[in-house]
There are 2 protein chains.
Amino acid sequence: MTLGQKIKELRESKGMLQRQLAAKLEIGDGFLSKVEHDQKALKREHLNSISKIFDYPLEELESLWIATRIYELVKDEQSALNALKVAEEQIKYGKAHAKV
Amino acid sequence: MTLGQKIKELRESKGMLQRQLAAKLEIGDGFLSKVEHDQKALKREHLNSISKIFDYPLEELESLWIATRIYELVKDEQSALNALKVAEEQIKYGKAHAKV
DNA sequence: TTAGACTTGACTTAAAAAGGTCAAATTTAG
DNA sequence: CTAAATTTGACCTTTTTAAGTCAAGTCTAA
C-alpha cells in the first residue's frame, strides 16, 4: 500500500470526488490525481488535513509518506533491499548512540 | 558501519593519509575529512575509484552509499524504522509487478 | 453521445541540495 | 614543544527538486 493508494481509498470510501478533496486541500485536481498515482508528493502539512478529513491516524499517513520518499530514492537500485538493511542498522546504532 | 567509516578504515589499513587519498580522488582533503564523517557525500563515480584503490567490492560501497542517503532522509523521524518496513514492502511488491 | 471525472504532458519558479574550496582552529605523534 | 594531520565553519556556484498549474486528451456511465 502506497500513500497515493491510501488517499484514493479513503476518498472513495466517502464517495468524494477528486475535485472535492482537492478543494479542501487547496490544490488543483490534476495535482491530486498525480498524488494518488504517486507521481507527485504532497506537502507534509497536507497529511494533517487528510487525517482530519477522513479521521485516519496521522502516524500511518506519515509512515506512508516517508516510505514513498525512500522508495523514490532506491527504486532503480539493484541493491535496494540490502541498502535498506544497512540503513536500518545505522538507525538502530544511531539511536543507541545519539548525543541528544 | 557507514560509508565514511568504511573509507577511513580502508585508508588507514593502507597507511594512507587523507591528503594522499584526496589527491587520487581529485578532491580537497577538507572535503574528504567531511566524507569520512558522513557530513558530505561523495559523487557516486568516486566509489569506482575507491573500489579499485583498495580492491574492495563496489557493491558493498554502493550499498553503504545508498544507505547513507536513506539515513539522511529518515534520521529525524520518530517512525523511521516503520517507514523503512513499509518501503521494503513497496519495493518487494514493485519488483513483483514491474512492467520492465 | 456527451457531460463529468480523471489522467497526462509540458511548463514554471523558488528553494534546496550537490559538491565542492579554503583558511583557521584543533588534535595527535614524536 | 611543534609540525604534520585532521577537523571545522563559512562560503560559493551549479544543478535538482519541490510543488504546483493548466489545458488537452481519455474514460466511463447514463
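Computed over heavy atoms, backbone and side chain alike; hydrogens, waters and symmetry mates excluded. Order of the sequence lines sets the chain letters (A, B, ...), proteins ahead of strands, with each chain counted from 1.
- Residues passing the side-chain hydrogen bond (donor to acceptor under 3.5 Å, both in side chains) test with A:E89, sequence neighbours excluded: none.
- B:Q20 meets the side-chain contact (heavy atoms from CB on, under 4.5 Å) test with B:M16, B:L17; sequence neighbours excluded.
- Under the salt bridge (Lys or Arg N to Asp or Glu O under 4.0 Å) criterion, the residue pairs touching residues 44-58 of chain A are A:R44-A:E62, A:R44-B:E77, with sequence neighbours excluded.
- In the 5' to 3' direction, nucleotides of DNA chain C lying under 4.0 Å from heavy atoms of chain A begin and end at C:dA5 to C:dA10.
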Which letters describe nucleotides 5-22 of chain D, given B = protein heavy atom under 4.0 Å from base, S = only from sugar-phosphate, - = neither?
-> SSBBBB-------SBBB-
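- Not a single side-chain hydrogen bond (donor to acceptor under 3.5 Å, both in side chains) links A:S79 to another residue, sequence neighbours left out.
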Identify every side-chain donor-acceptor pair in residues 66-73 of chain B under 3.5 Å, counting partners at least two apart or on other chains, and give the distances.
| residue | atom | partner | partner atom | Å |
| --- | --- | --- | --- | --- |
| B:T68 | OG1 | B:L64 | O | 2.9 |
| B:E72 | OE1 | B:K75 | NZ | 2.7 |

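- Residues passing the salt bridge (Lys or Arg N to Asp or Glu O under 4.0 Å) test with A:K24, sequence neighbours excluded: none.
- By the side-chain contact (heavy atoms from CB on, under 4.5 Å) test, A:E60 is found to be paired with A:Y56, A:P57, residues two or more places apart in sequence or in another chain being considered.
- Note on the helix from C:dT1-D:dA30 to C:dG30-D:dC1: angle between the axes of the first and last five pairs equals 50°, rounded to 10 degrees.
- Listed in residue order, the members of residues 71-80 of chain A having a heavy atom less than 4.0 Å from DNA chain C come to none.
- The two residues A:F54 and A:L10 make their nearest non-hydrogen contact at CE2-O, 3.5 Å.
- Across all their heavy atoms, B:K85 and A:K85 have their closest contact at NZ-NZ, 4.4 Å.
- Among residues two or more places apart in sequence or in another chain, the salt bridge (Lys or Arg N to Asp or Glu O under 4.0 Å) test is passed with A:K34 by none.
- Residue A:E36 is tested with A:Q18, A:K6, A:Q5 for a side chain to side chain donor-acceptor pair (under 3.5 Å); the sole match is A:Q18.
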